Structure formats: structure tokens, C-alpha cells
2 protein chains.
Amino acid sequence: MGTQQPAERQLPSRRIADDLRRAIETGELAPGARLPSERDLAGRYGTARNTAREAIRLLADGGLVIAEHGRGVFVRRESPLIRLGNDRYSHKYRESGLSPFLLECAKQGKTGRFEVLSIEQIEPPAEVARHLRLSMSERSVLVRENVFFADADPVHRVTTYIPWEIAEDTGLVNPEVGHPYGIHGIFEERGHVMTRLRESVSARMPKADEARYLQLPPGVPVLDVMHISIDQHGEPYELTRFVMRADLTGLLYDTPIE
Amino acid sequence: MGTQQPAERQLPSRRIADDLRRAIETGELAPGARLPSERDLAGRYGTARNTAREAIRLLADGGLVIAEHGRGVFVRRESPLIRLGNDRYSHKYRESGLSPFLLECAKQGKTGRFEVLSIEQIEPPAEVARHLRLSMSERSVLVRENVFFADADPVHRVTTYIPWEIAEDTGLVNPEVGHPYGIHGIFEERGHVMTRLRESVSARMPKADEARYLQLPPGVPVLDVMHISIDQHGEPYELTRFVMRADLTGLLYDTPIE
DNA sequence: GAGTGGTCTAGACCACCTA
DNA sequence: AGGTGGTCTAGACCACTCC
């Protein structure tokens with residue numbers, strides 16, 4: 001009839017995926033809705049089940065849907081992100097007595113909590129030593145490994161490196177940091193006031209152990225943030241690596257141009 | 001013999017994937033090396049080809065390897081990231097005559113370049129209007145859509161929204177912004193000097209069209225950055241959305257604590 | 001043309017969830 | 001028990017690359 005030339009022969013798996021994607025984008029399949037089962041789709045489109053399965057995989061890879069074993073495949077709900085802002089370290093929140101993460105959670109109506117996985121004294125990786133400007137003779141750091149939760153969800157895996165010279169004889173070696181303002185209160189008592197922060201941000205797919213710790217569904221990347229605290233003398237005194245699940249958390253920077 | 005109890009019955013696909021992952025991590029399979037073919041793996045492990053294929057998919061999803069049609073599957077090489085720092089807007093680089101992106105590329109020994117995809121006058125999305133504090137009567141913006149390249153690779157898809165009131169009668173409506181310091185030089189002539197920036201950062205898997213523009217291999221997430229420029233009066237005057245491929249680029253913030 | 005990855009078929013069994 | 005996703009088999013044809 002018209003000038004329209006179908007020409008574009010679609011792969012069956014792409015066709016099914018596109019149809020589903022359209023249904024999701026138009027709202028026909030609302031967030032949380034269940035998709036037709038793989039067997040159902042295969043029947044409707046006259047394909048093998050594996051082909052319908054491949055279609056769903058295409059959507060799951062993009063994070064659009066999430067499969068739950070024995071239950072079905074569901075359109076993913078968007079959770080509002082918890083945004084960690086550079087503001088979280090601001091001295092004006094000092095009196096709140098909350099550590100930066102708990103502060104951000106509270107601001108955003110979530111209940112924050114953290115679990116200490118381990119606390120060790122080790123020789124730091126070369127990269128950490130370089131950023132903390134540790135000389136060969138001072139290569140000893142306290143490492144605290146935490147998982148941060150927002151409500152029930154684990155959202156960050158957090159590794160903090162503190163030069164041993166600063167950490168020794170403080171509460172930092174104990175799991176319970178009973179200090180208002182969290183560990184930063186302790187740093188201040190030791191004479192290090194945070195006056196700058198330097199954070200480098202990357203994104204990538206999680207490693208196997210990160211996926212476990214963070215209970216990450218497939219198709220969700222992580223933000224990988226290396227945070228360095230700089231004191232009033234321009235000296236770095238603490239380095240923290242955040243691995244954050246990107247479907248629940250983000251970052252926010254509000255800074256002057258110098 | 002010993003106390004070792006295999007007990008853990010491994011799925012064949014996981015076993016193949018784990019073996020390959022180990023070979024990659026130990027360096028036995030160096031970056032750039034070719035993996036055994038799917039048919040080869042299937043033969044060695046006595047599985048169907050689809051099972052070997054599934055194993056490779058597990059690695060590709062994590063971004064560890066990259067399949068090339070007709071050639072083979074290769075261990076991904078790590079490219080050093082180009083880090084966009086907040087520093088890139090610093091006035092001290094003004095004389096260089098380079099726009100922020102070209103500046104960062106130059107700093108890192110890459111050749112930067114950009115292509116203009118489109119320039120239009122439109123009514124902005126509600127979110128953009130809100131962040132630019134546009135009243136109902138001023139809801140008109142100039143939108144410039146660009147792709148940034150570092151050497152040969154497209155690395156950022158960049159969408160800039162400028163209130164029409166600021167953009168009209170400037171070089172901004174032309175594809176060639178022949179102004180030193182790029183578009184920010186033009187903003188300064190119109191009386192807007194960047195004194196703060198606000199950037200919110202998320203990571204996610206790319207949408208289909210983003211994957212096309214950025215020629216993204218599967219398993220590579222994007223950084224999604226919303227940048228807002230704030231002038232000397234505290235007024236936002238420009239909003240740019242960066243969609244950055246996360247395997248080649250990252251961010252860097254160095255800011256004072258207030 | 002030979003070898004590679006990309007896709008598909010038509011079955012099968014398992015693990016998990018709901019009832 | 002019946003339905004769901006998770007995995008696997010043993011084939012097949014196609015599209016792409018290299019020689």
C-alpha cells in the first residue's frame with residue numbers, strides 16, 4: 001500500500017523486548033506490575049521459551065525489570081535516591097550529633113544504620129598510601145569496613161583508611177564509635193578539622209562480593225567514590241572508599257568556583 | 001582423602017565462568033587476550049555450546065570481557081579515565097581559551113572534539129524549568145545537544161539548556177561557538193559569571209539511544225550528571241546534562257567545607 | 001571457506017513460591 | 001500441585017571476520 005517498507009526484519013527477541021518496553025513506558029505495565037510469564041510470551045509470539053527469555057534478559061540488563069524466582073518478572077519501581085552531598089560534612093551540622101551518612105538519611109526521611117564488618121591494622125594498598133602521603137616508615141593504617149543501611153536496604157559498602165599514627169589510642173579501634181559527629185569528632189580532637197574534601201567518582205558494574213554485600217539485583221551498577229579528607233594544614237588525614245548501589249543512592253556537589 | 005568435601009555442586013556455567021575469571025585475574029589471560037571460543041569451551045567442559053555461552057555472558061555482564069562478532073571474546077583493556085573535575089570551570093584557565101571539556105582532555109593528553117547534534121528553541125521539561133527557576137511566562141530555552149569525543153571515542157552526550165532570554169542574540173544559536181572559553185565566555189558577556197556549580201550525580205545502565213550515541217559495549221554503565229551553573233547573584237543561568245560512559249570517564253571534586 | 005559470535009528451536013529437569 | 005523462573009541439551013541457520 002503506502003510507501004512504508006517494513007524492510008527492517010526484527011529479531012523475535014528484540015520484538016518481544018520492544019513491545020514490553022513500550023508497554024512499560026506508556027504505563028500499560030505500571031511499576032511493580034508483573035510481566036506475562038516466559039511460557040506465556042513464547043506462546044503468544046509463537047517462539048521457543050528461550051527466545052522470550054532472551055527478550056526479558058534484554059530488559060533486565062537495562063535494569064527495567066527484575067526477575068524473582070518462582071514468582072515472576074516485575075517492572076522495577078523507582079526508589080527516590082538518597083543523595084550524599086558534600087554538604088554532609090558541613091560544620092553547621094556538628095551539633096546534630098549525627099555522622100554524615102545518618103544525617104543525610106534523616107534529611108530524606110530514612111532510618112540510617114550501619115554495621116561494622118571488620119576493624120584491622122594493616123599496611124595500606126599503594127594507592128591509599130600515596131593519597132594519604134604516607135612515607136615508607138609510616139605505612140600502617142587502621143581499616144574500618146562498614147555496611148550502611150537505609151531502612152532495610154544495604155546501600156553502601158564503606159572502607160575507611162586512617163593513618164595509624166592518628167588512629168592509635170582513640171575510640172576508632174572499637175566497633176562502637178560513641179562520639180557525637182561520628183569519627184570526625186575524634187579527628188577533631190586529634191587536631192584535624194576537615195576544611196576540604198577531594199572525591200573522585202566512577203561508576204562500574206559490581207564485583208561478585210559487592211553484589212553480595214549490597215544484595216544487588218542484576219543490571220544495577222555501583223558508584224565507586226574515593227573520598228579524601230583534608231585538614232586545616234592542607235594535609236590528607238583520612239581516606240574512605242564508598243561503593244554505593246546506584247539505584248538507591250547518588251551524589252550531590254554544591255561548590256564555589258575558585 | 002583429606003577433609004575436603006566438594007559438597008558445593010557447581011553449575012556448569014558458573015564453573016566455566018569462574019575458571020575464566022580466575023585466569024583473567026591471575027593474568028594468565030592478559031588484557032586484550034582472546035578467550036577460547038564458545039565451541040572450544042563447550043568441548044573442553046563437555047557441555048552444550050549454550051552453556052559455555054552463558055558463562056561468557058556472566059563475564060560480559062560484569063564488563064570483564066567484550067565479545068566481538070566474528071572475531072572472538074577478549075579480555076577488556078582498562079583505559080585510564082578522563083576525570084572531569086569541578087576545577088575545569090575555574091577562572092584561572094580562562095586565558096587558555098579552551099572550553100572546560102577540551103581543557104580536561106588537554107590536561108590528560110587526549111585530543112578533545114565535539115559535534116553539535118542539534119540546536120533548538122523549545123519549552124523545557126518541567127524539571128529543567130524548576131531548576132532554572134523559570135516562571136511560566138519565560139518557559140522557553142535554547143537546547144544544544146552535543147557529543148564529546150576524546151581521541152576517537154565518543155565519551156559524553158551533553159544537553160545544555162539556556163533560558164531563551166539569555167541565549168537570544170548571541171552566538172549560542174550557531175553551531176560554531178567561536179568564543180574563547182566556549183559558551184561560558186558568552187555568558188560572561190551577558191553578565192553571568194559562574195561563581196558556584198551544583199552537580200547531582202547518578203549512575204545507571206544506558207538507554208538504547210544512549211548506547212548508540214556513545215557506542216557503548218554491553219556491561220558498561222553511564223554516569224548521569226546534572227550540572228547547574230550559578231552566577232554572582234546566586235541565580236542559576238544554565239543547566240547541562242552529561243551522560244558519560246563510565247569506562248572512559250569519571251568525575252573529580254575538590255571543594256572547601258563550609 | 002573456515003571459524004567466530006548471535007540467535008533460535010523444542011524439548012527437559014530443577015528450585016522456588018503460592019495455594 | 002501447579003505455575004514460575006533458572007539452567008541445560010543438541011542440534012540449526014545467520015552475520016561477521018580473516019585468510
Side-chain angles (χ1 to χ4, degrees), chain A residues 7-20 24 29 32-76 208 211-212 215-220, chain B residues 7-20 24 29 32-76 208 211-212 215-220:
Chain A
E8 286 285 318
R9 219 197 112 262
Q10 277 264 32
L11 292 174
S13 58
R14 296 297 288 269
R15 169 139 190 264
I16 299 176
D18 288 347
D19 285 355
L20 290 171
I24 291 168
L29 281 169
R34 220 198 75 187
L35 271 58
S37 77
E38 295 173 351
R39 290 163 178 86
D40 185 353
L41 286 169
R44 287 197 219 181
Y45 286 87
T47 69
R49 183 184 153 208
N50 269 347
T51 303
R53 187 171 173 71
E54 168 71 8
I56 287 174
R57 195 182 67 75
L58 291 171
L59 301 181
D61 277 356
L64 207 57
V65 302
I66 172 83
E68 296 183 25
H69 196 165
R71 304 212 325 121
V73 177
F74 300 86
V75 181
R76 187 169 270 162
R212 261 201 315 282
Q215 295 169 24
L216 277 172
V220 175
Chain B
E8 287 284 319
R9 220 198 110 263
Q10 277 263 35
L11 293 174
S13 57
R14 297 296 288 270
R15 170 138 189 267
I16 300 175
D18 288 347
D19 284 355
L20 290 171
I24 292 169
L29 282 168
R34 221 196 75 185
L35 271 58
S37 77
E38 296 173 350
R39 288 163 178 87
D40 185 354
L41 286 170
R44 286 197 220 181
Y45 286 87
T47 69
R49 183 182 153 210
N50 269 347
T51 303
R53 186 170 172 72
E54 168 73 7
I56 287 174
R57 196 182 67 74
L58 291 171
L59 301 181
D61 278 356
L64 207 57
V65 301
I66 173 81
E68 296 184 25
H69 195 165
R71 304 211 325 122
V73 178
F74 300 86
V75 180
R76 187 168 272 162
R212 260 201 317 281
Q215 295 169 24
L216 276 172
V220 175

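This structure is a prediction, so every number in the text was calculated from the model and none was measured. All values below were derived from every heavy atom in this structure, side-chain atoms included, with hydrogens, water molecules and symmetry-related copies excluded. In what follows, chains carry the letters A, B, and so on, assigned in the order in which the sequence lines appear, proteins first and then strands, with residues in each chain numbered from 1.
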- Task: Taking salt bridge (Lys or Arg N to Asp or Glu O under 4.0 Å) as the test, write out the residues that go with A/Glu54, two or more places apart.
- Result: A/Arg57
Just to verify, what does [X] make a side chain to side chain donor-acceptor pair (under 3.5 Å) with, not counting sequence neighbours?
X: A/Arg14; value: none
X: B/Arg212; value: none
X: A/Asp19; value: A/Arg22, A/Tyr45
X: A/Arg76; value: none

- Atom-to-atom span, CD1 of B/Ile56 to C1' of C/dG5 - whole angstrom: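 Rounding to the nearest Å, CD1 of B/Ile56 and C1' of C/dG5 are 9 Å apart.
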- Query: Taking protein heavy atoms under 4.0 Å as touching, what does nucleotides 6-14 of chain D look like 5' to 3' if B marks base contact, S marks sugar-phosphate-only contact and - marks none?
  - Reply: BBBBB-B--
- Task: Ignoring backbone atoms, test whether B/Arg34 places a side-chain nitrogen or oxygen under 4.0 Å from the OP1 or OP2 oxygen of C/dT4.
- Result: yes
- Message: If you compare every side-chain N and O of A/Arg71 against the phosphate oxygens of D/dG5 (OP1, OP2), does one of them come in below 4.0 Å?
- Response: no
- Out of curiosity, B/Asp40 CG to B/Leu35 CG, how far, rounded to the nearest 0.5 Å? 10.0 Å
- Would you kindly compare B/Gly70 and A/Asp40 by the position of their nearest DNA chain D nucleotide and give the one closer to the 5′ end? A/Asp40
